[in-house]
Amino acid sequence: MREITPRRIIEMKGKEKIVMVTAYDYPSALIADRAGMDIIFVGDSLGMVVYGYENTLNVSMEQMVFHTGAVARAVRKALVLADMPFGSYEVSVEEGVKNAIRLIQAGADAVKIEGGADHYELVKKLVRMGIPVMGHTGLTPQRYLRLGGYRLMGETEEEIEEILKDAKALEKAGAFAIVIEFTLSDVARLVTEEVSIPTIGIGSGPHVDGQVLVWHDLLGIYENTPPFVKKYADLGSMIQLALEEYRSDVKEGKFPGREHYWEFLDKDEFEKKKRAALQRMGEED
Ligand code: KIV
């Protein structure tokens, strides 16, 4: 069992901010765990940032299982959370349960679903079975087509009501935390005050119990990021510079340098061995 459990996350509400980051592979998960993240999240955002899809709708269970396995093998301390991709839990509770089990068996400590009130029965069933669940309200990217793209949520009475209903339903069903994505900060604050479980915001301001960011966004792998992201590094440019230097080193014969290869110190010995090898090859022909 990893050090950070869902119970520990619940205890952090109102005492200590929760820090969550996405990771999709072994090396990034190792680094995230070493950096002291509370939750390492295999998000279906991998469809966009790792696979280059336009949205998250085509991410499969197979992809989620592979990436969850890679992350789980790296993480010792943080809670490993895996996303249920679009289509893996909407059709029936039974299918949702089966797919959640696959993610847990791949090494996740908990699963995340988008929405709340619509999935009350599924969340309740998973929690009863012993599978911790995080919900997700506000902007729910899996509803990209209905929403007409990615946009700020919580501006209308109807949206505020829907977000609050989702959060209350998740709390009642036994979810251990809720992601609130890209809402007005007043709405995120309202939800945070109205539920007893932690809220983890992304693009929803500071009045929440924790924050989550996508690995590629916060590290500056891509030039374009959502407007609420703070870039903590410019790794995209750093990686490009390193690759350009490698390229010119090879083109100019500067790499490999003398410290990167091994050769016979005694050239006579090499000549002898070379002649013997060539002779043996001639005999074989
Ligand atoms: O898939 C994802 O990365 C997410 C975060 C934006 C919370 O759902």
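Indexing begins at 1, ligand by ligand and atom by atom, following the structure's order.
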Query - Pairs meeting criterion ring pair (Phe, Tyr, Trp, His ring centres under 6.0 Å) with involvement of residues 2-44, two or more places apart - result: Tyr24-His216
Query - Candidate list Asp209, Thr199, Thr192, test side-chain hydrogen bond (donor to acceptor under 3.5 Å, both in side chains), partner Lys13, passing option - result: Asp209
Between ligand 1 and the protein, find all N/O pairs closer than 3.5 Å and give the distance for each.
residue	atom	partner	partner atom	Å
ligand 1	1 (O)	Asp44	N	3.2
ligand 1	1 (O)	Asp44	OD1	3.0
ligand 1	1 (O)	Ser45	N	3.0
ligand 1	1 (O)	Ser45	OG	3.3
ligand 1	1 (O)	Asp83	OD2	3.3
ligand 1	3 (O)	Ser45	OG	2.5
ligand 1	8 (O)	Lys112	NZ	3.4

Report summary line: Sorted by chain and residue number, the salt bridge (Lys or Arg N to Asp or Glu O under 4.0 Å) partners of Glu171 (sequence neighbours excluded) come out as none
**Report entry** Phe264: hydrophobic cluster co-members (side-chain, 4.5 Å)
**Finding:** Phe270
Query - Minimum side-chain heavy-atom gap Ile101-Met129 below 4.5 Å - result: yes
Report summary line: In Ile40, Asp44, Leu46, the residue satisfying side chain to side chain contact (heavy atoms under 4.5 Å, CB included) with Val42 is Leu46
